[in-house]
Amino acid sequence: MDVSFILDALNDKQREAVAAPLQNSLVLAGAGSGKTRVLVHRIAWLMHAYELSPYSLMAVTFTNKAAREMQGRIEQLVGLPPQGMWVGTFHGLAHRLLRAHWRDAGLKENFQIMDSDDQLRLVKRIMREFNIDDTRWPPKQVAWFINGQKDEGRRAAHVPDSHDPFSKGMRELYYHYEEACERNGLLDFGELLLRAHELMLTNPALLKHYQQRFVHVLVDEFQDTNTIQYAWLRVMVGDTGTITAVGDDDQSIYGWRGAKIENIQNFSKHFNDVATIRLEQNYRSTGQILKAANGLIQNNDDRLGKELWTDSGDGDPISLYAGFNEQDEARFILEIIKKWRDDGTALKDMAILYRSNAQSRVIEECLVREQLPYRIYGGHRFYDRLEIKNALAYARLAVDPNDDGAMERVINVPPRGIGERSIGTLREIARDQGCSMWQAAEHIVQHGVMPARASNAIKNFLQIIDGMGNTLIQPDLGLGDVFEHIIQEAGLIPHHEKEKGEKGEARIENLKELVSAASGFSWSEDDEEFSSPMMAFLDQAVLDAGEAQADEYQDSVQLMTLHSAKGLEFPLVFLTGVEENLFPSKMSFEEPGRLEEERRLCYVGITRAMEKLYITYAESRRLHGSESFNSPSRFIREIPQECIEEVRLRSQVARPVSMQRHNYQGTLQKQNQSILHGYQVPETNVSMGDRVKHPVFGEGLVINYEGQGPQARVQVNFDTEGTKWLVLSFAKLEVL
DNA sequence: CCTACGCACTTTTTT
DNA sequence: AGTGCGTAGG
């Protein structure tokens with residue numbers, strides 16, 4: 001069979017990885033080295049060279065986006081969809097196993113998946129029920145604790161006993177939480193993985209079946225696996241299967257949520273006869289950018305070791321800009337963006353990266369002022385939005401009125417006269433009778449045990465839900481129509497119309513989008529596990545947050561955190577706020593490993609840039625209301641200095657010693673007039689970039705300033721006399 | 001029952 | 001500074 005189409009157009013190392021024998025292999029794929037390509041071609045190779053059926057392959061990713069991309073590229077390469085192959089996220093595949101084997105997994109047939117929001121609500125509910133002090137055990141922290149334990153594969157019973165009351169309480173709460181989930185048929189994200197793992201361990205026949213089925217397993221972003229994911233993989237592969245793990249230890253940035261970099265570091269110890277292949281040729285960035293990235297990451301210990309290289313030239317050095325505050329930083333970025341745009345670069349090819357979301361605001365304001373379109377990645381996901389979650393809760397109630405979580409969520413949204421008092425009564429009855437809140441509500445309405453006003457309100461609600469339930473069983477209604485009804489019946493549109501500002505409008509727009517998402521939903525393929533389209537849709541809504549935003553196709557500047565930038569690339573990248581305490585974040589100073597993770601994050605940031613990278617920081621920054629003076633990040637110092645070019649002379653005037661200590665001695669290499677133009681010097685009529693005339697020195701260009709009021713000084717680059725600092729109140733400068 | 005005000009918090013995010 | 005949450009008053 002001709003397999004050249006699989007191996008051609010690969011470099012030697014990629015080919016080595018793709019055509020490796022059917023054995024365990026670890027592909028250390030540096031940034032921009034064609035990782036997904038290798039994965040996809042490996043799959044095609046296994047199918048052709050070893051005549052493996054797609055049925056015997058499983059490919060695991062972390063995000064739905066990555067799974068979709070892989071699926072698409074396999075189709076593209078092989079020419080048809082890989083029938084029977086399992087391609088999906090850890091959670092998606094675990095979910096699939098549990099739906100198929102719910103009985104063996106000890107679940108209810110109609111079990112529901114909770115997202116983190118549902119989970120937090122459940123935690124709060126439990127804490128209320130048991131009268132637990134939520135100042136000593138903040139619900140968020142409780143949820144965090146439970147998730148952390150599940151990531152480690154521990155149930156409440158496995159949590160080591162402790163004598164300190166706080167830990168004891170946590171453990172106790174975990175018990176209650178487990179019990180509540182069990183009773184209500186609820187699974188959080190961690191539970192999907194944990195339960196899928198246990199399903200395999202407790203059902204040897206089932207395990208054998210899957211181990212025999214999956215001859216080869218492929219894993220993307222292996223450095224991000226946590227304990228339970230790794231354990232599950234090992235069980236699924238077993239002694240008979242083999243695995244290809246693709247990842248990059250230098251890009252492990254999720255340790256804080258349980259990812260174990262050790263998994264990739266020790267991979268060769270846990271699996272037999274591992275072939276390790278390094279992909280170090282980078283097809284993305286210029287030589288200078290790679291040199292900077294390599295230099296920086298060398299400061300980490302315990303690396304598997306890897307050095308990126310390219311054969312496509314050095315490119316521009318990295319530009320470093322010191323803003324005097326965050327406003328200045330933002331304005332600088334905007335100037336560069338406008339320059340690149342005028343030179344023909346599309347806005348979507350420019351990315352502004354920052355360490356924390358709070359930093360985006362200043363930049364956004366600047367973008368708005370300059371009327372440049374932008375798009376912020378991350379933020380709230382579509383299905384996470386309040387209005388969407390409410391609509392989905394109505395749908396859940398329509399499917400199963402006994403869904404207490406959904407009931408609590410929307411019973412009084414929009415306000416319909418069922419307040420905390422009434423809900424409390426419902427909860428009480430439900431608990432005493434061991435029934436659902438819905439049944440409690442029916443009881444109340446029938447027996448009139450509550451004041452007429454409250455009783456009527458509840459009756460009204462029951463009727464609304466009943467009506468929704470009816471639309472579900474009408475065969476001629478599509479999923480979109482059902483949601484249309486639901487939103488209508490619930491009165492969500494008028495409810496959001498009442499909201500002030502543009503918020504309500506946006507929410508109504510989102511609800512419309514939900515309707516169209518529902519109409520476009522198809523569950524045809526291999527989803528025989530699901531009993532109805534609505535159920536499938538609801539599951540999908542929880543597991544796949546629906547990334548796309550409306551303005552996706554508009555050409556716009558891309559803003560995102562460094563974490564969400566992983567896996568992406570842009571010709572022009574700004575790495576902003578590169579200051580001590582911010583990046584590395586001061587939160588990372590406590591645990592030793594965290595600083596290395598910050599450094600990897602910086603490495604990720606640098607390697608996003610294809611052509612040109614700007615690193616910026618601000619000498620003074622207003623964040624969370626107060627002003628702080630941070631020194632430039634240590635990461636800047638760790639980059640080989642020959643890769644860096646400063647775009648502004650650091651001011652040489654008096655400053656607090658603490659700041660001066662960190663100043664760079666870099667010299668002014670290039671004056672960029674367009675950069676500086678438009679900078680207003682406070683309380684004067686002189687602007688940066690202005691041409692001025694001095695009675696003695698002649699004409700020159702204002703390139704910097706310092707101080708305020710009578711002490712204000714400007715630096716002028718005179719045409720004939722060089723640069724000089726002048727005190728504005730003395731020098732007789734004339735603006736030309 | 002709803003609205004308004006005051007308080008505390010603030011790294012990173014996917015599923 | 002801004003937001004989200006909980007409590008106090010209308």
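Below, chain A is the first sequence line, B the second, and so on; all start at residue 1.
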_Selected nucleotide, minimal atom distance to A/S356 side chain, candidates B/dT11, B/dT13, B/dT15_ = B/dT11
_Gap in Å between the two C1' atoms, one belonging to B/dT12 and one to C/dC5, rounded_ = 23 Å
_Within the 4.0 Å heavy-atom criterion, would you say A/D188 contacts the bases, only the backbone, or no part of the nucleic acid?_
nothing
*Starting at atom CG of A/L93, determine the distance to atom P of B/dT14, rounded to an integer number of angstrom.*
19 Å
*When all nucleic acid strands are considered with a 4.0 Å heavy-atom cut-off, which category describes A/S116: base, sugar-phosphate, or nothing?*
base
*Steps toward ring-ring contact (aromatic ring centres under 6.0 Å, His included) verdict (A/F145, A/W137)*: CA-CA 10 Å; A/F145 172 83; A/W137 290 274; over 10 Å; no
*Hey, is the side chain of A/T561 poking within less than 4.0 Å of OP1 or OP2 on B/dT13, counting only N and O atoms?*
yes
*Take A/Y377 and A/L559 through the test side-chain contact (heavy atoms from CB on, under 4.5 Å) and record every step on the way to the result.*
CA-CA 6 Å; A/Y377 270 64; A/L559 270 71; over 6 Å; no
*Nucleotide of B/dT11, B/dT13, B/dT15 approaching A/E598 most closely (side-chain heavy atoms)*: B/dT11
*Could you point out which residue of A/F90, A/Y254, A/F222 forms a ring pair (Phe, Tyr, Trp, His ring centres under 6.0 Å) with A/F62?*
A/F90
_Distance, rounded to the nearest Å, where A/D544 contributes CG and B/dT15 contributes P_ = 7 Å
*Does A/N412 place a side-chain N or O at less than 4.0 Å from the phosphate oxygens OP1/OP2 of B/dC2?*
yes
*asked:* Need to verify one output field. Residue with the more 5' nearest nucleotide on DNA chain B, A/D384 or A/E597?
replied: A/E597
*Report the distance from atom NZ of A/K65 to atom C1' of B/dT13, rounded to the nearest whole Å.*
14 Å
*Which whole-number value in Å describes the distance from A/R68 CZ to B/dT14 C1'?*
13 Å
*A/H91 NE2 to B/dT15 P: how many Å, rounded?*
9 Å
*Any chance you could lay out the ring-ring contact (aromatic ring centres under 6.0 Å, His included) test for A/H101 and A/Y210, step after step, and finish with the verdict?*
CA-CA 12 Å; A/H101 309 288; A/Y210 280 105; 5.6 Å; yes
*Let me know the distance between CZ of A/R257 and C1' of B/dT13, rounded to the nearest Å.*
5 Å
*Earlier contact from the 5' end, DNA chain B, for A/R453 and A/W144*: A/R453
*asked:* Do A/R99 and A/F111 form a cation-pi contact, if we require the NZ or CZ to be under 6.0 Å from the six-membered ring centre and within 45 degrees of the ring's axis?
replied: yes
*Answer yes or no as to whether B/dT14 has its base stacked against A/F62, where stacking requires a ring-centre separation under 5.5 angstrom and planes under 30 degrees apart.*
no
*Please name all residues satisfying side-chain contact (heavy atoms from CB on, under 4.5 Å) with A/L386, sequence neighbours left out, ordered by chain then number.*
A/N390, A/R409, A/R507
*Shortest non-hydrogen contact from A/G323 toward A/D328*: CA-OD2, 3.1 Å
*Look at the side chain of A/S564 and decide which nucleotide, out of B/dT15, B/dT13, B/dC1, has an atom nearest to it.*
B/dT13
*With the sugar-phosphate defined as primed atoms, P, OP1 and OP2, and the base as all remaining atoms, what B/S/- string results for nucleotides 1-10 of chain C, 5' to 3', for protein heavy atoms under 4.0 Å?*
BSS-------
_Could you check, using the six-membered ring where one of them is a Trp, whether A/F583 and A/Y354 have ring centers closer than 6.0 angstrom?_
no
*Distance under 6.0 Å and angle within 45° of the ring axis: does A/R128 meet both against A/F130?*
no
_I'd like the C1' distance from C/dT3 over to B/dT14, given in whole Å._
23 Å
*Under the 3.5 Å rule, do the base of B/dT11 and the side chain of A/R594 count as making a donor-acceptor pair?*
yes
*Reckon A/N357 has a side-chain N or O less than 4.0 Å from the OP1 or OP2 of B/dT12?*
yes
_Output the rounded distance in Å from CD (A/Q119) to C1' (B/dT15)._
11 Å
*Considering residues, nucleotides and ligands other than A/E590, do more than 12 of their heavy atoms fall under 6.0 Å from its CD?*
no
*Would A/R600 count as a cation-pi partner of A/Y603, with NZ or CZ less than 6.0 Å from the six-membered ring centre and within 45° of the ring normal?*
no
_Expressed as a whole number of angstroms, how long is the span from A/L426:CG to B/dC1:P?_
11 Å
Which pairs, protein N/O on one side and nucleotides 5-7 of chain B N/O on the other, fall under 3.5 Å?
none

